[in-house]
Number of protein chains: 2
Amino acid sequence: MTSIKDIAQRANVSTATVSYVLNGTGNISEKTRARILQVIEAMNYQPNHIAKSLKLKKTKTIGVVVEDVTSFNSAEIIDGINEYAEDHGFSLLLTNMRVLKRLGNERIDTEHVRQLAPSAIKEILSKKVDGLIYIGIHTRDVTGIIPDNALPTVYTYCYTTNERDFFVNYNDHLAAYEATTYLIRKGHRNIAVISGLFNSNPSRERFNGYYQAIMDNQLVFDPTIIKTGDWEFESGRRFTAELLGADEPPTAILAMNDIMAAGAMSACAEQGVRVPDDISIVGFDDREFSSYLNPKLTTMRLPLHEMGVEAMRSLTDLLSQSGDVEKDKKLQCTLIERNSVAPAKSC
Amino acid sequence: MTSIKDIAQRANVSTATVSYVLNGTGNISEKTRARILQVIEAMNYQPNHIAKSLKLKKTKTIGVVVEDVTSFNSAEIIDGINEYAEDHGFSLLLTNMRVLKRLGNERIDTEHVRQLAPSAIKEILSKKVDGLIYIGIHTRDVTGIIPDNALPTVYTYCYTTNERDFFVNYNDHLAAYEATTYLIRKGHRNIAVISGLFNSNPSRERFNGYYQAIMDNQLVFDPTIIKTGDWEFESGRRFTAELLGADEPPTAILAMNDIMAAGAMSACAEQGVRVPDDISIVGFDDREFSSYLNPKLTTMRLPLHEMGVEAMRSLTDLLSQSGDVEKDKKLQCTLIERNSVAPAKSC
DNA sequence: TTGTAAGCGTTATCAT
DNA sequence: ATGATAACGCTTACAA
């Protein structure tokens, strides 16, 4: 590999001079600069980032620690990180803890993940990244997984209780409020919800958003049409079947993710109730498959890409200590209208 | 950060000695080794990979160049790479060309991607990775995207015509042959296919597999039930509608991806034909959503994870020049039986 | 405006 | 069995 030394030699200057023109630092006469640039071109010189990193103690690479790349949220967030990173000359060192395959979806509590983390973190610290972005697999508390003293870190799709950390997430409360309001505007008065497990923050937040929309519109809150699912297809199917069996079934269902919404649609098909003619359904997440369902699912889109962008922006701001960085950024979801909602039949 | 020098000082030895025990090289007496180890522990020493890399000219990290992380195949392949890499002490530097967002799905030909690649590659070469894995977004020829002299490279989910390169892909021909044979065993004689675009290798290979299965079973090949889709939902829907309108509609459809299969199911639903009672459908890819469709889709699973593992295995073998590495590895797909296929009605 | 040289944290050669 | 030291490719104070 051709180095700065080779360039210096060929251009009859010192390595310092070459370094100066390379970095635009120092005061170099126009003609030597031109000559050096020419040699650099001719020899197809590529700077060695490793040497530079060693000297500068900055690698211009950030560690992306992801609980599982394979989780539906990860790729799009990484894409966002990438977009911003590329524009700012950062590279990404990817560390995948693979918790889904190692632990299974049931045991993703902080305790178990913490056992997986140390070696991953150690590895990444050895490689001397400048900062860390941690991508969770569920929006939950992950305090303690990354040692407190590690590096500037921003968490996305999760959070910690640590004073020093930074987060970027989305606004669950508002999203559910808007989804519910949308249904109400369509004339629905009897809106069931199939929630996720209630030990999860998003479930609670979304429920609160729903509840507030019901209250703000002077509707009556009916606890019997609130069903606690577990995020999986089968729970969406089962609870919808239950709902459909009631004397006066709801005219709309808000499912807290698209998978349960798909389950709900399945239950409807089985019982011959038509979506959206007989019942409206709105999902959550805007998974790719939502538009492959029949009918295509109306759902709340998560701002995953933007979360990646914002996480990376926060981190670079942190690293350059440029102004102050928002500690707990919350992005907005947007409703994607497709074909699973119709106006309530006038009564 | 505590360095080898600090350790040496505290343990009253030279840096060389510390390096020896750290690497198990050299001949160190048991008691000094123990003492040094103890100091290392006490000071919580972490080796500096950057310095090591500079000296050794090996970084123990490999560059993963992916055309788009966001594409359905990427995450699982990366996960496979990760699994193998972790076991062998390699880190992953991720470079995402983001072609889907930059170019759109229509213009992903090699020409356009080639314009995106150079800066990405330059960047990654500067960071001195030991080797490269290139993950395509479609199985197609990507010759010329990565400069020939770059680094040991293995391609997956794509290929080149370059003698020096290595590939790992899956066996399209066999997969289609097996899917078709499965349908034939279920008694189907009239099996339509909705293919992808015919300028794509997989489309041709899969068609050949289908054709051979038809021949091997002495069925008659009917070109009127071969439809050329474009991989998208709408084409699956439209061609199925056509197929269903025939005097004697096929009793089964082989769709060359799950998205078109979903479209096919949608068309069936619209026309009131029941899957699988009236018509059987098998897809291709085993996308996550296949089991959220109604009925759950029977489909060929792509060995994505294994492709990642094997790609990384090939690359590490290449780097350690241990034995010879298979130039063009082809993995097998496996049929996932769900609920979209039923035996043909006895005629 | 340019050059000299020390130093970043390692490894490895050559002495001892 | 252990130590001194040059070298990896770069940046940067300081000197010239």
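The sequence lines fix the lettering, A, B, ..., with proteins before strands; numbering per chain opens at 1. All values below come from the heavy atoms of this structure, side chains included, with hydrogens, waters and symmetry mates left out. Bear in mind the structure is a predicted one, so any value in this text is a computation, not a measurement.
Partners of B/D141 under the side chain to side chain donor-acceptor pair (under 3.5 Å) rule, at least two apart in sequence or in another chain, are B/T143.
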Residue pair A/H305, A/E83: steps toward the side-chain hydrogen bond (donor to acceptor under 3.5 Å, both in side chains) verdict: CA-CA 9 Å; A/H305 186 84; A/E83 177 180 345; 2.5 Å; yes

side-chain contact (heavy atoms from CB on, under 4.5 Å) between A/Y134 and A/T160, intermediate numbers included: CA-CA 11 Å; A/Y134 188 96; A/T160 73; over 6 Å; no

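Between the side chain of B/Y20 and the base of D/dG3, a donor-acceptor pair under 3.5 Å is found. One can find a donor-acceptor pair under 3.5 Å joining the base of C/dG7 and the side-chain atoms of A/K55.
Regarding A/L22, its CG atom lies at a distance of 6 Å from the P atom of D/dT11, rounded to whole Å. One atom, CG of B/N23, and another, P of C/dT13, lie 13 Å apart when rounded to the nearest Å. Look at CD1 on B/I50: it is 12 Å from P on C/dG9, rounded to the nearest Å. Atom CD1 of A/I4 and atom C1' of D/dT12 are 11 Å apart (whole Å). The separation between A/I28 atom CD1 and D/dT12 atom C1' is 13 Å, rounded to whole Å. Remark: P of C/dC8 and CD of B/Q46 are 20 Å apart, rounded to the nearest angstrom. Atom CD in A/Q9 sits about 15 Å away from atom C1' in C/dG3, given to the nearest Å. Taking atom CD1 of residue A/I40 and atom C1' of nucleotide D/dC10, one finds them 13 Å apart after rounding to whole Å.
A/Y157 and A/F72 have perpendicular rings, their planes meeting at more than 60° on a 0 to 90° scale where under 30° would count as parallel. Between A/F167 and A/Y159, the ring planes are perpendicular. Angles over 60° get that label, and only those under 30° would be called parallel.
With distances taken from any side-chain atom of A/T17 to the nucleotides C/dG3, D/dG9, D/dT5, the minimum falls on C/dG3. Closest approach to the B/K57 side chain among C/dT11, D/dG9, C/dG9 is made by D/dG9 (side chain taken as heavy atoms from C-beta onward). For B/Y45, counting side-chain heavy atoms from C-beta on, the closest listed nucleotide (D/dC8, C/dT10, D/dC10) is C/dT10. The side chain of A/T32 has C/dT2 as its nearest neighbour among C/dT2, D/dC10, C/dG9. Which of C/dG9, C/dT2, D/dC10 sits closest to the side chain of A/L54 comes down to C/dG9. Comparing C/dG3, D/dC10, D/dT5 by their nearest atom to the side chain of B/A16 picks out D/dT5. Among D/dT5, C/dG9, C/dG3, the nucleotide with an atom closest to any side-chain atom of B/T15 is D/dT5.
Within 4.0 Å of A/N27, counting heavy atoms only, lies at least one base atom of the nucleic acid. Nucleic acid contact class of B/S53 (heavy atoms, under 4.0 Å, all strands): none. Nucleic acid contact for A/L56: sugar-phosphate only, since backbone atoms but no base atoms lie under 4.0 Å from a heavy atom of the residue. As judged by a 4.0 angstrom heavy-atom cut-off over every strand, A/S19 is placed among the base-contacting residues. Across all strands, B/N12 comes closer than 4.0 Å only to sugar-phosphate atoms, never to a base (heavy-atom distances).
A side-chain donor-acceptor contact under 3.5 Å links A/D68 to the backbone of A/L100.
Regarding contacts with the backbone of C/dG3, a side-chain N or O of A/S14 is found under 4.0 angstrom from either OP1 or OP2. One finds a side-chain N or O of B/S29 lying less than 4.0 angstrom from the OP1 or OP2 phosphate oxygen of D/dT2. In terms of phosphate contacts, B/N48 brings no side-chain nitrogen or oxygen within less than 4.0 Å of OP1 or OP2 of C/dC8.
Listed by first then second residue, pairs satisfying side chain to side chain donor-acceptor pair (under 3.5 Å) with a partner in residues 44-55 of chain A read A/N23-A/K52, not counting sequence neighbours.
Overall bending of the helix from C/dT1-D/dA16 to C/dT16-D/dA1, expressed as the angle between end axes built from five pairs apiece, is 50° (10° steps).
Here A/E310 does not pair with A/K330 in a salt bridge; the nearest charged N to carboxylate O distance is not below 4.0 Å.
The number of heavy-atom neighbours closer than 6.0 Å to CD of B/Q115, taken from other residues, nucleotides and ligands shown, is above 12.
The residue among A/M1 and A/T25 whose nearest nucleotide of DNA chain D lies closer to the 5′ end is A/M1.
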